[in-house]
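Chain A is the first sequence line, chain B the second, and so forth, proteins listed ahead of strands; every chain is numbered from 1.
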2 protein chains.
Amino acid sequence: MQIITGDLLTHYIEQYPIDDYFSFDIRPYMKVCLFEKGEWIFKEGSYPDTMYYMVEGKAKLYVTHKNGKVSLIEYIEAPCFMGEIELLNEARYTKGIQTVARTICLSIAVHECREKLLADAIFLRRICVFLGEKATAVTAKYTQNQVYPLENRLAAFIQLSSDQGIYKEKHTEICEYLGVSYRHLLYVLAQFCEENILEKTKKGYRIINDKRLGELAQEIL
Amino acid sequence: MQIITGDLLTHYIEQYPIDDYFSFDIRPYMKVCLFEKGEWIFKEGSYPDTMYYMVEGKAKLYVTHKNGKVSLIEYIEAPCFMGEIELLNEARYTKGIQTVARTICLSIAVHECREKLLADAIFLRRICVFLGEKATAVTAKYTQNQVYPLENRLAAFIQLSSDQGIYKEKHTEICEYLGVSYRHLLYVLAQFCEENILEKTKKGYRIINDKRLGELAQEIL
DNA sequence: TTCAAAATATGAGATATCTCACATTATTCT
DNA sequence: AGAATAATGTGAGATATCTCATATTTTGAA
């Protein structure tokens with residue numbers, strides 16, 4: 001992690017004003033941080049004393065289970081908060097957050113302005129909305145996971161994440177996200193090829209029957 | 001649903017003061033409601049204009065999927081809020097909430113004091129903490145669901161919900177909560193009996209090998 | 001008390017998904 | 001460039017879980 005100063009600092013602060021997230025001047029407590037791809041913003045199990053507001057980039061929220069298996073809970077995309085739950089509940093064990101791409105965050109030194117934040121209705125309201133949406137999204141994802149086979153969920157995911165009709169994501173990551181084994185993900189992808197829904201190319205999987213894919217996805221929502 | 005007035009009203013208001021959840025006097029906006037067992041507090045898909053604070057009782061939070069399957073997302077137990085997300089995001093489709101027992105709630109007419117609530121740091125902070133805990137709990141439950149077989153999760157659930165060494169819950173409800181079919185739940189219960197961990201009696205399943213049950217549960221946490 | 005609805009129970013067969021072992025490519029780092 | 005690491009790909013066999021059909025028992029309401 002790298003702290004940005006000088007011209008770049010003013011650049012980011014100007015480009016992403018977060019003044020209207022607070023009723024007081026947050027700048028004295030704020031820094032701008034840069035995380036390289038693959039860096040951990042929070043190490044799982046640590047007790048962070050910084051809250052971040054991601055303005056550029058993308059990351060993954062992880063939890064590791066006792067049996068060693070790992071769940072990729074959700075993708076975190078700018079703009080969003082990180083470490084807000086830890087701000088509320090002092091000294092709380094955190095989940096792991098790892099960047100997927102170079103990521104820029106505004107960081108707020110919580111110990112310096114905790115009281116101010118917790119008394120700030122504007123800020124708190126934002127956090128409420130954010131937490132509410134997060135809870136709703138996570139719930140939706142996981143209830144679907146347990147009610148639909150991978151066939152449907154993968155179809156929906158491909159439609160969501162494909163670009164120009166090409167699906168090209170890392171299998172190792174997606175199987176964690178969809179909560180299935182690597183092996184099984186490949187089985188279902190192979191099945192989609194078998195059924196002429198996808199076609200495997202050098203550049204990724206090309207969608208050749210979007211209608212059918214949509215039908216499979218639609219059974220979810 | 002029945003609105004309580006008279007002596008009972010003052011009784012509940014005195015017994016469960018929620019003044020310290022607000023920085024202003026909430027009583028003008030508040031009523032006390034009683035729901036019978038099995039009643040729906042929110043009908044799924046409706047747009048409620050009331051927020052509740054449950055002070056006595058217990059309920060289930062449901063979502064119905066397109067394919068007709070139903071997920072019991074969580075048990076809601078007093079004290080807690082309901083309809084808080086709808087307060088934040090105006091006019092939001094709600095999930096279903098059904099009581100499991102006679103339940104008493106303080107109700108707040110949102111349309112009359114929405115602005116006041118959304119500007120109240122004390123209230124908002126409570127909601128933040130509540131939402132944060134809820135998100136954490138739901139995430140934990142569902143990531144476990146997908147990483148552990150029913151054997152482990154059921155063991156943990158039995159330890160949690162049994163009373164005096166007796167497990168006695170409705171199978172129809174628990175299979176929805178644990179996200180498995182009724183059939184499969186019965187299989188695993190039978191297996192526990194087979195392995196002399198439980199014993200089926202008229203009053204419910206009696207735990208006869210708590211140590212083993214603990215081992216199975218412990219693999220989770 | 002009786003009847004309908006809900007809950008419990010069980011079998012048989014299907015399938016969605018997992019584990020493990022191993023081989024083959026890409027990527028990254030030095 | 002070469003070596004190490006990560007990602008991809010596939011087979012075989014196991015198992016966790018589901019669907020459906022059907023029978024019995026319990027519960028709740030008229």
(request) Please confirm whether Lys66(A) makes a cation-pi placement over Tyr148(B), using NZ or CZ under 6.0 Å from the six-membered ring centre and within 45° of the ring normal. (result)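 No cation-pi geometry.
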(request) Assign the ring pair Tyr47(A) / Tyr93(A) to parallel, tilted or perpendicular, where the plane angle (0 to 90°) is split at 30° and 60°. (result)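 Ring orientation of Tyr47(A) relative to Tyr93(A): perpendicular.
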(message) Which label fits Tyr75(B) and Tyr177(B): parallel for a plane angle under 30°, tilted from 30 to 60°, or perpendicular past 60°?
(response)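 Taking Tyr177(B) first and then Tyr75(B), their aromatic rings sit tilted (interplane angle of 30° to 60°).
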(message) Quick check for you: to the nearest 0.5 Å, what is the distance between His11(B) atom NE2 and Ile104(B) atom CD1?
(response) 8.0 Å
(request) Look up atom CD in Gln146(A) and atom CD in Gln146(B), then write down how far apart they are to the nearest 0.5 Å. (result)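 Between atom CD of Gln146(A) and atom CD of Gln146(B) there are 9.5 Å.
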(message) Just checking Phe192(B) against Tyr167(B), ring centres under 6.0 Å apart?
(response)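 No - the distance between ring centres of Phe192(B) and Tyr167(B) does not fall below the 6.0 Å cut-off.
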(request) Establish, yes or no, whether a centroid distance under 6.0 Å links the rings of Phe35(A) and Tyr52(A). (result)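 When the ring centroids of Phe35(A) and Tyr52(A) are compared, they turn out to be within the sub-6.0 Å range.
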(request) Could you walk me through whether Tyr21(B) and Tyr53(B) pass the ring pair (Phe, Tyr, Trp, His ring centres under 6.0 Å) test, one step at a time? (result) CA-CA 11 Å; Tyr21(B) 279 66; Tyr53(B) 179 70; 5.2 Å; yes
Check the distance between [N]'s [atom2] and [X]'s [atom1] and give it to me in whole angstrom.
X         : N       : atom1 : atom2 : result
Phe192(A) : dA16(C) : CZ    : P     : 12 Å
Asn145(A) : dC18(C) : CG    : P     : 11 Å
Leu186(A) : dC18(C) : CG    : C1'   : 13 Å
Lys202(B) : dA7(C)  : NZ    : P     : 23 Å
Gln146(B) : dT17(D) : CD    : P     : 12 Å
Leu154(B) : dA16(D) : CG    : C1'   : 14 Å
Leu216(A) : dA16(C) : CG    : P     : 12 Å
Leu185(B) : dT19(D) : CG    : P     : 14 Å

(request) Identify, residue by residue, the members of residues 164-180 of chain B with a heavy atom below 4.0 Å from DNA chain D, and return them in order of residue number, or none. (result) Gly179(B), Val180(B)
N/O contacts under 3.5 Å, protein versus nucleotides 19-21 of chain C?
unit_1, atom_1, unit_2, atom_2, d
dT19(C), OP1, Lys69(A), NZ, 2.7

(message) Are there over 12 heavy-atom neighbours, none belonging to Lys141(B), within less than 6.0 Å of that residue's NZ?
(response)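 Enclosed: over 12 neighbouring heavy atoms sit under 6.0 Å from NZ of Lys141(B).
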(message) If the cut-off is 4.0 Å, is Lys200(A) near the phosphate of dT8(D), judged by side-chain N/O to OP1 or OP2?
(response)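 No, outside the criterion.
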(message) Of the options dT17(C), dT17(D), dT10(C), whose atoms approach the side-chain atoms of Leu150(B) most closely?
(response)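 Closest nucleotide among those given: dT17(D).
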